[in-house]
Amino acid sequence: AVVSTQSGHYGRVLESCNESVYHVTCQQARIHTTHAATFYIHVTSKAIVEDCKGLKFGIRDQFYEGYEDDVAEAGLGETNNWDDVDDFNWLSKDPSPNWSTV
């Protein structure tokens, strides 16, 4: 389900999500201290990773009944920047070695 944080923004901070697969929909995904995980995401802003290695990102393709209504109610549009990831530990213009696309 689409869940709001206390601040009213539709985002998630995911920490220590190691060696797993996640399906996430949010305005902004912040992923910290995570290794060898795959994220299938629908993110309207962008994903931000910090202190992570071996992450993979793909477009979210698993849904549930009522998903589109939840996304609309949350104010999350059709924009999906699933492959627009900022790595706070990689400031070079070269691609980050800490994540890749699926």
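Not measured: the values here are computed from a predicted model.
- T44 OG1 to N80 CG: the interatomic distance, rounded to the nearest 0.5 Å, is 8.5 Å.
- Within the structure, ring pair (Phe, Tyr, Trp, His ring centres under 6.0 Å) pairs that include any residue of residues 71-102 comprise F57-W99 (at least two apart or interchain).
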Original post:
Does the pair L55 and V49 meet the rule for a side chain to side chain contact (heavy atoms under 4.5 Å, CB included), with working shown?
Top reply: CA-CA 9 Å; L55 302 187; V49 300; 3.6 Å; yes
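- Taking the salt bridge (charged side-chain N to carboxylate O under 4.0 Å, His left out) definition, one finds that K56 meets it with nothing, sequence neighbours left out.
- Counting only residues at least two apart or in different chains, salt bridge (Lys or Arg N to Asp or Glu O under 4.0 Å) contacts with residues 87-102 are absent.
- Residue pairs satisfying the salt bridge (Lys or Arg N to Asp or Glu O under 4.0 Å) criterion with at least one member in residues 33-51, sequence neighbours excluded, are listed as follows: K46-D84, K46-D86.
- Taking CG from N18 and SG from C52, the interatomic distance works out to 8.5 Å, rounded to the nearest 0.5 Å.
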Subject >> L14 and V24: CA distance, side-chain angles, deciding distance, side chain to side chain contact (heavy atoms under 4.5 Å, CB included) verdict >> reply: CA-CA 10 Å; L14 304 163; V24 180; 4.2 Å; yes
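- Residues I59 and I31 share a single hydrophobic cluster, defined by chaining ILVMFWY side chains whose heavy atoms lie under 4.5 Å apart.
- Partners of Q62 according to the side-chain hydrogen bond (donor to acceptor under 3.5 Å, both in side chains) rule, which considers only residues two or more places apart in sequence or in another chain, are H23.
- Scored by the side chain to side chain contact (heavy atoms under 4.5 Å, CB included) test, E68 finds no partners at all (sequence neighbours excluded).
- Taking F63 as the reference, Y67 meet the ring pair (Phe, Tyr, Trp, His ring centres under 6.0 Å) condition, with sequence neighbours excluded.
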Identify every side-chain donor-acceptor pair in residues 35-43 under 3.5 Å, counting partners at least two apart or on other chains, and give the distances.
from : atom 1 : to  : atom 2 : distance (Å)
H42  : NE2    : G77 : O      : 3.1
H42  : NE2    : T79 : O      : 3.2

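- When all heavy atoms of T34 and E15 are compared, the closest pair comes out as OG1-C, 4.0 Å.
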